[in-house]
Chemist: 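Got a structure for you, questions after.
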Amino acid sequence: MGNSIDLTIVWAGILAFAVFAYVVMDGFDLGLGIIFPLLERGQHRDATMNSVAPVWDGNETWLVLGGGGLMAAFPLAFAIIMPAVYAPLIAMLLGLVFRGVAFEFRWRAAKQYQWHWDASFFAGSICAAFAQGIVLGAILQGVSVTGRSYSGQWWEWLSPFSLLCGASVVVGYALLGCCWLIYRAEGELQDRAYALAKWFGVGTSIAVLAVSAATPFLEGEYYRRWFSVPNIYLLSPIPLLAGAAALLFFRSLVKRAELAPFLLALALFLLAFIGLGVSMFPYLVPGKVTIWQAAAPATSQMFMLVGAGILVPIIVAYSGYAYWVFRGKVGHEGYH
């Protein structure tokens with residue numbers, strides 16, 4: 001039993017890492033698509049595309065790892081959650097496919113037709129980001145469960161809170177996209193990214209506050225987790241650090257730092273992610289199914305852990321190498 005509990009926590013940690021790695025890597029990628037209409041046609045948009053051309057498809061590896069890991073390590077949670085969010089998940093996947101096609105075809109289209117693919121790139125990006133936020137909101141607010149199965153309607157995911165989460169993810173990803181451009185671009189494009197980052201920084205700060213204020217009232221357990229004594233004192237550093245990260249972010253924009261805005265925006269996302277974990281742990285289906293109840297047998301977890309122990313470091317290594325090789329400022333000609 002002890003080994004089973006240990007393995008379950010290990011797998012919960014692996015999935016949390018995969019989800020956050022996806023948010024970090026594909027977040028700014030989707031963010032570039034969201035802010036695409038706000039950039040000048042021509043060299044600015046070309047340079048924006050080139051800044052992620054070598055790495056954008058590899059970023060989605062973490063989405064596959066997260067989804068596959070949930071199915072294999074926590075099959076009961078997968079069986080309950082998936083039917084509850086089928087509609088936004090399908091929208092997300094269609095958005096990712098659409099933007100991927102637009103990314104490739106844009107380079108091959110005649111100049112007068114490029115705007116079609118620009119619009120498709122924007123639409124796919126905003127659809128995928130919004131759907132991801134809706135899935136997050138739907139899981140946070142809880143799903144209807146009878147026995148070991150989902151028992152709600154197909155539209156149960158649709159609520160004011162899930163729509164708030166969807167809009168918040170769109171704004172947050174746009175902020176990451178702006179900060180990525182600040183780091184990778186120069187000249188007029190970088191100036192434009194600084195200006196946009198200020199507005200999306202304000203929007204992201206408001207969104208984080210709104211979601212954080214609403215979440216404790218979704219479930220009684222959430223409220224007790226955050227506001228009971230001594231938890232309120234032990235957990236207070238999380239919102240305080242988030243506020244400090246936001247202030248330092250705006251200060252870095254004023255100073256026209258290049259890497260600091262991106263790192264501080266990621267810090268804000270990390271603190272929000274930690275807050276999410278604090279609210280939900282140890283539940284995968286809030287109030288219904290814990291990680292231990294949802295876990296696969298210990299022998300299965302150990303077998304999969306061997307594979308994950310080999311593959312995850314390889315994925316981290318090749319991702320890091322790709323970013324290292326294509327570091328530095330980006331141009332607008334060719335793929336990079």
Side-chain angles (χ1 to χ4, degrees), residues 18-39 41-71 82 85-136 166 169-181 184-185 311 315-316 318-323 325-326 330-336:
V19 171
F20 186 69
Y22 173 78
V23 169
V24 169
M25 294 187 181
D26 213 34
F28 71 79
D29 184 351
L30 289 166
L32 292 176
I34 293 168
I35 66 172
F36 213 60
L38 304 176
L39 305 176
R41 291 183 184 178
Q43 293 184 0
H44 286 188
R45 293 188 180 183
D46 292 345
T48 298
M49 287 286 208
N50 286 332
S51 72
V52 290
V55 296
W56 73 273
D57 45 357
N59 292 340
E60 292 166 7
T61 304
W62 298 104
L63 181 63
V64 177
L65 178 62
L70 178 66
M71 180 180 67
M82 288 301 109
V85 293
Y86 269 149
L89 273 181
I90 291 171
M92 180 194 75
L93 293 175
L94 289 174
L96 291 175
V97 170
F98 208 53
R99 72 187 297 273
V101 172
F103 194 105
E104 297 297 338
F105 274 66
R106 180 184 184 275
W107 298 101
R108 292 161 175 79
K111 288 293 182 182
Q112 64 267 33
Y113 298 117
Q114 270 193 351
W115 71 270
H116 294 92
W117 298 112
D118 289 354
S120 300
F121 184 59
F122 165 72
S125 299
I126 204 165
C127 177
F130 189 64
Q132 287 176 19
I134 285 179
V135 170
L136 171 64
V169 169
V170 169
V171 175
Y173 281 179
L175 175 64
L176 291 181
C178 294
C179 295
W180 175 256
L181 270 188
R184 296 299 307 276
L311 290 177
I315 296 171
V316 171
Y318 81 65
S319 297
Y321 180 70
Y323 280 94
V325 169
F326 294 102
V330 68
H332 64 272
E333 295 181 357
Y335 258 89
H336 192 276

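From a predicted model like this one, the values you see are computed outputs, not experimental measurements.
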Chemist: Minimum heavy-atom separation for P37 and G33, please, with both atom names.
Modeler: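 What the structure gives for the nearest pair is CD-O, 3.9 Å.
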
Chemist: Search all heavy atoms of F130 against all heavy atoms of G166 and return the closest pair with its distance.
Modeler: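 In terms of heavy atoms, the two residues are closest at CD1-C, 3.3 Å.
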
Chemist: What I'd like to find out is whether the side chain of H44 reaches to under 4.5 Å of the side chain of L181, using heavy atoms alone.
Modeler: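 Result no, sub-4.5 Å side-chain heavy-atom pair not found.
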
Chemist: Say whether, by atom type as modelled, one donor and one acceptor occur between the side chain of N50 and the main chain of D46 under 3.5 angstrom.
Modeler: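 Side chain of N50 to backbone of D46: a pair is present.
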
Chemist: Do L65 and L311 come within less than 4.5 Å of each other through their side chains, counting heavy atoms only?
Modeler: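 Not touching, per the 4.5 Å side-chain cut-off.
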
Chemist: For W180, what residues pass the ring pair (Phe, Tyr, Trp, His ring centres under 6.0 Å) criterion, not counting sequence neighbours?
Modeler: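 Per chain and number, W180 pairs via ring pair (Phe, Tyr, Trp, His ring centres under 6.0 Å) with F28, F262.
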
Chemist: Measuring from atom CD of Q132 to atom SG of C127, what distance do you get when rounded to the nearest 0.5 angstrom?
Modeler: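 Those atoms lie 10.0 Å apart.
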
Chemist: Checking side chain to side chain contact (heavy atoms under 4.5 Å, CB included) for the pair V85/M92: CA distance, chi angles, key distance, verdict?
Modeler: CA-CA 11 Å; V85 293; M92 180 194 75; over 6 Å; no

Chemist: What is the distance from atom CG of L30 to atom CD1 of I35, rounded to the nearest 0.5 Å?
Modeler: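 L30 CG to I35 CD1: 12.0 Å, rounded to 0.5 Å.
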
Chemist: As an exercise, state the distance from OH of Y86 to CD1 of I90, rounded to the nearest 0.5 Å.
Modeler: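 If we round to the nearest 0.5 Å, Y86:OH and I90:CD1 are 8.0 Å apart.
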
Chemist: Is there side-chain contact between R184 and L32, with heavy atoms separated by less than 4.5 Å?
Modeler: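 They are not in contact (no side-chain heavy atoms under 4.5 Å apart), so the answer is no.
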
Chemist: Could you grab the distance from atom CG of L94 to atom CG of L89, nearest 0.5 Å is fine?
Modeler: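 Taking CG in L94 and CG in L89, the distance rounds to 11.0 Å.
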
Chemist: Rounded to the nearest 0.5 Å, how far does SG of C178 lie from CD1 of I34?
Modeler: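 Here the interatomic distance stands at 9.5 Å.
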
Chemist: Just one of V169, L175, V170, V171 clears the side-chain contact (heavy atoms from CB on, under 4.5 Å) bar with Y173, so which one?
Modeler: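 Exactly one pass, corresponding to V169.
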
Chemist: Any salt bridge linking D118 with R45? Criterion: basic side-chain nitrogen under 4.0 Å from a carboxylate oxygen.
Modeler: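 Yes, this pair counts.
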
Chemist: If I take atom CZ from residue F326 and atom OH from residue Y321, how far apart are they, to the nearest 0.5 angstrom?
Modeler: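 Rounded to the nearest 0.5 Å, the CZ-OH separation comes to 8.5 Å.
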
Chemist: Using ring pair (Phe, Tyr, Trp, His ring centres under 6.0 Å) as the criterion, list what pairs up with F36, not counting sequence neighbours.
Modeler: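 F121.
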
Chemist: For the backbone of V316 and the side chain of S319, can you confirm whether one donor and one acceptor N or O come within less than 3.5 Å of each other?
Modeler: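 Looks like no, no N/O pair under 3.5 Å.
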
Chemist: Give the intermediate values and the outcome of side chain to side chain contact (heavy atoms under 4.5 Å, CB included) for residues F103 and V52.
Modeler: CA-CA 10 Å; F103 194 105; V52 290; 3.9 Å; yes

